[in-house]
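Note that the structure is predicted; figures quoted are calculated from it, not measured. Chain letters run A, B, ... following the sequence lines, proteins first and then strands; every chain starts at 1.
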Protein chains: 2
Amino acid sequence: MNLKTLALELGLSPTTVSRALNGYPEVSEATRRRVREAAEAANYHPNTQAKRLATGRAMAIGHIIPISDRHEIVNPVFADFIAGAGEVYARAGYDMVMTIVPDDSEARAYAELRSKGNVDGVLIHAPKVEDHRIAMLDTLGMPYVLHGRVSGSDSAFSWVDVNNKRAFERATNFLLDLGHRRIALINGIGEMDFARRRRRGYEAALKARDMAIDPALIVEGEMTEAQGHDAAREMLRWPDPPTAFLTASLLSAMGARRGIEEAGLVMGRDVSIVTHDDELGYLKNGTAEEPIFTATRSSVREAGRRCAALLIEQIESGDRSPRHELMEAVLVVGQSTGPVPTQ
Amino acid sequence: MNLKTLALELGLSPTTVSRALNGYPEVSEATRRRVREAAEAANYHPNTQAKRLATGRAMAIGHIIPISDRHEIVNPVFADFIAGAGEVYARAGYDMVMTIVPDDSEARAYAELRSKGNVDGVLIHAPKVEDHRIAMLDTLGMPYVLHGRVSGSDSAFSWVDVNNKRAFERATNFLLDLGHRRIALINGIGEMDFARRRRRGYEAALKARDMAIDPALIVEGEMTEAQGHDAAREMLRWPDPPTAFLTASLLSAMGARRGIEEAGLVMGRDVSIVTHDDELGYLKNGTAEEPIFTATRSSVREAGRRCAALLIEQIESGDRSPRHELMEAVLVVGQSTGPVPTQ
DNA sequence: ATGAAAGCGCTAACAG
DNA sequence: CTGTTAGCGCTTTCAT
């Protein structure tokens with residue numbers, strides 16, 4: 001069933017049918033209803049490709065996932081973000097087009113995306129401290145929104161981000177208030193912008209109390225269980241071991257927990273852990289015997305929604321003035337086991 | 001830059017240029033080279049929408065992600081699977097179109113996909129024991145491939161799956177060989193087909209040794225840390241507690257581990273854990289003091305590749321005869337801490 | 001080996 | 001308010 005035959009059946013011109021279906025005002029309500037009903041009955045849906053060609057709009061948003069080794073897509077955050085964005089796309093009639101590209105041909109991927117014209121804009125994941133994608137997209141003139149920020153860029157772009165710095169500053173202060181003086185930071189990969197900001201938060205809290213920053217207490221790398229384990233194992237052998245671990249991921253925290261046990265120490269008596277949790281889980285804060293979450297999966301999903309909404313607005317309005325949304329991480333203390341608190 | 005202007009620049013007709021670029025045999029090699037070079041120089045890429053409209057092929061594969069509550073997309077497996085499939089799509093020139101739909105309007109989503117014609121086929125994730133999507137797709141006549149199987153369907157479809165039954169049978173036998181007689185199974189959601197098969201494997205191993213199956217030792221639900229914890233906590237209070245836990249996910253295993261410790265028991269002395277690990281991590285098998293993995297992320301990615309390849313072949317050849325690929329899970333014993341063994 | 005012309009299904013000026 | 005006429009950029013008969 002296509003426009004032409006539907007129009008024929010109705011004894012109308014394709015134009016009128018198109019106008020009726022697309023809500024143009026110059027169609028009589030009677031006709032519109034008649035057309036709508038016929039379309040419904042015939043289960044008519046306009047052919048996407050034809051529509052796209054005619055309007056010049058792809059009605060699709062691109063997500064380019066560089067797949068160098070394995071990080072990024074691995075991230076549980078990714079799935080939730082996608083879910084949030086996808087919700088918005090579906091409502092607005094956009095397709096979500098995901099492209100997996102080997103790290104090194106990323107530039108080509110973006111260029112092709114534009115010249116092949118199959119997306120109207122792109123959403124950028126996991127920006128680095130210095131991120132060349134920004135310059136590329138500026139050159140291509142393609143609308144984009146970042147999930148996260150780029151510290152090292154002065155390009156004016158739109159972004160949605162969690163206040164990572166503040167979250168880690170608060171978590172660090174929490175531990176300092178409990179009396180901890182040697183606090184280890186088990187962080188994500190250093191060149192990732194979010195990791196940089198988290199570190200800045202940790203450092204800011206220490207500086208505010210005139211405490212020295214010991215680089216040895218800071219570990220940066222992929223946030224795996226093994227990372228947390230190895231770091232804890234190692235540090236707890238030192239003559240002046242940390243009394244607390246602040247970790248950037250639940251997996252790392254679980255690893256640290258294992259490392260602590262292997263060292264024959266007791267969580268909550270000898271050592272504490274506080275974690276930033278993007279995942280679903282539970283971890284005891286050794287001091288309070290209660291879990292702490294600093295961000296939840298539901299807020300990541302919300303970030304996805306906001307990014308998508310921002311991008312769509314930018315595309316549809318043509319207004320490219322940069323807009324920002326900074327979300328505060330939720331800091332929860334005193335939840336007992338159970339589902340993650342939703343905000 | 002489009003076909004017309006490129007042709008004009010070359011002093012050729014659009015037809016010839018199109019033929020040259022698309023590898024039609026009736027073009028002289030000299031012309032073809034000239035055209036190729038000009039296209040390269042001009043950074044010409046045919047407009048996707050136009051091509052699609054003209055050929056009637058969307059050059060896109062759909063992935064529909066139902067987002068009822070939260071499971072499925074949560075799954076770390078999902079990301080790796082997508083990565084694998086995406087690789088293949090990219091090479092074959094297909095787009096990956098992901099649609100997030102609320103659980104209840106899934107049927108409509110599929111129907112629209114077809115009538116809007118923006119995908120040539122779909123890939124089905126996380127099938128249930130009885131899955132109505134199969135019937136829907138058969139009705140629509142759209143090519144599809146399943147990642148997983150559907151026990152309750154006699155529809156003849158193509159699938160790629162891991163041998164979940166065998167994996168769990170082997171893991172159970174491993175524990176039985178170590179002398180365990182009360183083995184708890186912490187499984188995924190019962191209506192998921194993969195969970196059903198895992199359970200069957202566990203049961204088969206017990207039956208083969210004429211052992212009774214105690215339903216109380218089987219827990220099915222979302223594979224979270226809390227699930228493992230709560231199950232272990234509960235069971236270890238019984239007069240005849242399990243001496244081993246077989247879990248379907250690393251998170252559940254970590255939870256069980258916590259439950260064991262809270263009960264004042266010692267991993268590897270009092271209780272053992274073996275886990276099926278789709279994720280990245282490390283877990284001690286309490287008996288051997290070594291980790292065990294029954295599947296790895298790299299094999300999930302491989303499954304993604306195979307699914308995609310199968311679907312593309314089906315689409316391009318028009319041959320819809322069902323094809324199957326059953327992958328054996330890797331069972332690894334004796335790895336020390338470190339990266340996940342890749343196959 | 002190359003080109004002219006028609007058409008994929010839709011939208012959008014431009015009439016009336 | 002409705003219809004006619006051109007395209008959107010490409011592929012694909014059908015000629016030559």
Side-chain angles (χ1 to χ4, degrees), chain A residues 1-36 38-39 42-60 93-95 112-120 316, chain B residues 1-36 38-39 42-60 93-95 112-120 316:
Chain A
M1 173 58 63
N2 60 13
L3 231 210
K4 200 166 154 191
T5 60
L6 181 63
L8 221 63
E9 281 183 9
L10 282 161
L12 289 169
S13 77
T15 315
T16 305
V17 176
S18 167
R19 281 197 277 238
L21 258 19
N22 288 307
Y24 282 58
E26 64 263 48
V27 180
S28 81
E29 266 318 309
T31 310
R32 193 190 302 280
R33 187 165 43 247
R34 204 161 68 87
V35 171
R36 281 236 173 91
N43 190 31
Y44 166 78
H45 292 273
N47 178 291
T48 316
Q49 325 304 344
K51 193 165 196 157
R52 286 172 173 171
L53 181 58
T55 57
R57 309 242 291 93
M59 291 307 286
Y94 282 78
D95 277 349
E112 276 186 19
L113 223 53
R114 226 282 302 253
S115 62
K116 296 201 301 180
N118 48 181
V119 302
D120 299 317
E316 298 192 339
Chain B
M1 172 60 62
N2 60 12
L3 232 208
K4 199 168 156 190
T5 61
L6 180 64
L8 222 63
E9 281 182 9
L10 282 160
L12 290 168
S13 77
T15 315
T16 306
V17 176
S18 168
R19 281 198 276 238
L21 258 20
N22 290 308
Y24 281 58
E26 64 264 49
V27 181
S28 80
E29 266 318 309
T31 309
R32 193 190 302 282
R33 187 165 44 247
R34 204 161 67 87
V35 171
R36 281 237 173 91
N43 190 30
Y44 166 78
H45 291 273
N47 179 290
T48 314
Q49 324 303 344
K51 194 164 196 158
R52 286 171 172 171
L53 181 57
T55 58
R57 309 241 289 95
M59 291 307 287
Y94 282 78
D95 278 349
E112 276 186 16
L113 222 53
R114 226 283 302 253
S115 61
K116 295 202 303 179
N118 48 181
V119 300
D120 299 318
E316 298 192 339

DNA chain D nearest-nucleotide lookup for B:Q49 and B:Y24: closer to the 5′ end is B:Q49
Taking all heavy atoms of A:G117 and all of A:A58, pick out the closest pair and write down the distance. O-CB, 3.7 Å
Hey, does A:R19 reach any base, or is it just sugar-phosphate, or nothing, if we go heavy atoms under 4.0 Å? base
Could you tell me how far apart A:K116 (NZ) and D:dG9 (P) are, to the nearest whole angstrom? 17 Å
Whichever of B:L12 and B:A50 has the more 5' nearest nucleotide on DNA chain C, that residue is B:L12
For the pair B:N47 (side chain) and B:Q49 (backbone), establish whether a donor and an acceptor sit closer than 3.5 Å, ignoring hydrogens and angles. yes
Provide the closest heavy-atom pair for A:L21 versus A:Y44 in the form atom of the first, atom of the second, distance. CD2-CE2, 3.7 Å
When the distance from CG of B:L6 to P of D:dG9 is rounded to whole Å, what number comes out? 14 Å
With a cut-off of less than 4.0 Å, is there a side-chain N or O of B:K51 near OP1 or OP2 of D:dG9? no
Check whether any side-chain N or O of B:D120 sits under 3.5 Å from a backbone N or O of B:M59 as a donor-acceptor pair, and report yes or no. yes
Can you find a donor-acceptor N/O pair under 3.5 angstrom joining the side chain of A:S28 to the base of D:dT2? no
If you compare every side-chain N and O of A:T31 against the phosphate oxygens of D:dT2 (OP1, OP2), does one of them come in below 4.0 Å? yes
Computed from five pairs at either end and rounded to 10 degrees, the angle between the axes of the helix from C:dA1-D:dT16 to C:dG16-D:dC1 is 40°
Which sits closer to the 5' end of DNA chain D, B:N47 or B:E26, going by the nucleotide each is nearest to? B:N47
For the residue pair B:T15 and B:S18, confirm or rule out a side-chain donor-acceptor distance under 3.5 Å. no
Would a 4.5 Å heavy-atom cut-off, applied to side chains only, mark A:T16 and A:T31 as touching? yes
Carboxylate-amine/guanidinium proximity below 4.0 Å for B:D95 and B:R52: yes
Covered region of DNA chain C, 5' end to 3' end, by chain B [heavy atoms, under 4.0 Å]: C:dA1 to C:dG9
Using whole Å, report how far CG of B:L21 lies from C1' of D:dG9. 14 Å
Counting N and O atoms only, with roles assigned by atom type, does the side chain of B:R32 sit under 3.5 Å from a partner on the main chain of B:A20, one being a donor and the other an acceptor? yes
For atom NZ of B:K4 and atom C1' of D:dT11, their distance in whole Å: 15 Å
On DNA chain C, more 5' by nearest nucleotide between B:V27 and A:T55 is B:V27
Do the side-chain N or O atoms of B:Y44 get closer than 4.0 angstrom to the phosphate oxygens (OP1, OP2) of D:dG9? no
Does B:E29 reach the side chain of B:R34, with side-chain heavy atoms less than 4.5 Å apart? no
Closest approach to the side chain of A:A54, judged atom by atom: which nucleotide of D:dC8, D:dG3, D:dG9 is it? D:dC8
Going by atom types only, do B:R57 and B:Y94 share a side-chain donor-acceptor pair under 3.5 Å? yes
Nearest to the side chain of A:T16, heavy atoms from C-beta on, is which of D:dG3, D:dC8, D:dT11? D:dG3
